[in-house]
Amino acid sequence: MTASSHLPSERQVTTVQGPLPYERLGITDAHNHVWIEFVPGADPGGPVLNQFNLILKELGAYRDKGGETLLDCQPGGCGRDGNKLLALSKASGVNLIACTGFHLKKYYPKEHWLWGAAAEKISDFLCSELEQGLLETKETPAPVRAGFIKIALESSWAGCFLAGLEGAAATALKTKALIEIHTEKGALAEKACLYFMDRGLSPDQLVFCHMDKRPEAGLHKELARLGVLLEYDTFYRPKYNPAAKLWPLIEQMVEAGYSDRIALATDMADAKLYHFIGSGAGLASLPGEIRDRLIKQGIPETARKQMLGGNIARRLAGKH
Ligand SMILES: [Zn+2]
């Protein structure tokens, strides 16, 4: 009998095709989007990614470059379709990990049930998507379970969906699930970190997204020291000047010994960033030119592997 057969279930990661040991995730994009339905009644400027064959081609290119796994960060109600995620994963051979939770309010119709729900009801719903299956897949022969919780902070604390934060905290406490937290350009990360720690979560259940839009190395090191994971994804967003901000930040964090607190991603909700839809860098850039540049910059192999998948994989499995 191999050691793995003794491992408790928390060492497995829930992909749309079922559980996988975290060691098998390989290169993993920690924050991306491979399917977003049009959402009637939501902000008409919201992203849409619904060209199945082109998305499949994009995932094929990702896999050909060595990418094996990708976290899809669109929760239900704002464009997620777990059935499409399952079909894309099967057809491409890329492990996809779906989420439950909630995104920014603007991506939903105003009357969506979430906004009037109490924390307890929200938590029950998130637990059911993690444990039984995503709402839109529950009646199918192969329900798809969520592998993590994704939530969003608005730009001010007063504007945040507090019942949702409370519900996500209760869910993560109960299920030990990882929470990926959208930040508006890094805002409120320190506040949210304390908020969730006060509610009994371990910092290593928290991933703060888009933190490189607020490239304050001192803040990043403080958060890293607490144990949270910081997700960086502005590689192809010229307005954030990645050459002057993101790349030096990666170097500084690695030099400070925090390569185990960084997760890299390309967050291509905007179809223009896709290679086969919008002639952008595409999903393949993470295992492709981003990985090449990390090598060229002399980032040690261990650190590269941590940032390109190792860190997020362990945390998805509840292993720290
Ligand atoms: Zn995103």
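Throughout, numbering of the chain's residues begins at 1 and tracks the sequence. Remember, it's 1-based here, ligands and their atoms both numbered in the order they're listed. When reading the values below, keep in mind they use all heavy atoms of this one structure, side chains included, and skip hydrogens, waters and symmetry mates.
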TODO: Would you indicate whether the side-chain heavy atoms of Ile97 and Leu70 approach each other to under 4.5 Å?
DONE: no
TODO: Report yes if the side chains of Lys90 and Val16 come closer than 4.5 Å at any heavy-atom pair, otherwise no.
DONE: no
- [ ] Could you verify whether a donor N or O on one side chain and an acceptor N or O on the other, from Gln306 and Tyr258, lie under 3.5 Å apart?
- [x] no
Less than 4.0 angstrom from a charged side-chain N to a carboxylate O is my criterion; do [X] and [Y] meet it?
X: Glu301; Y: Lys305; result: yes
X: Glu166; Y: Arg199; result: yes
X: Glu68; Y: Arg63; result: no

Open item on the list: Restricting to under 2.8 Å, identify the protein N, O or S atoms around the Zn ion (ligand 1) as residue plus atom.
Closed with: His31 NE2, His33 NE2, Asp267 OD1
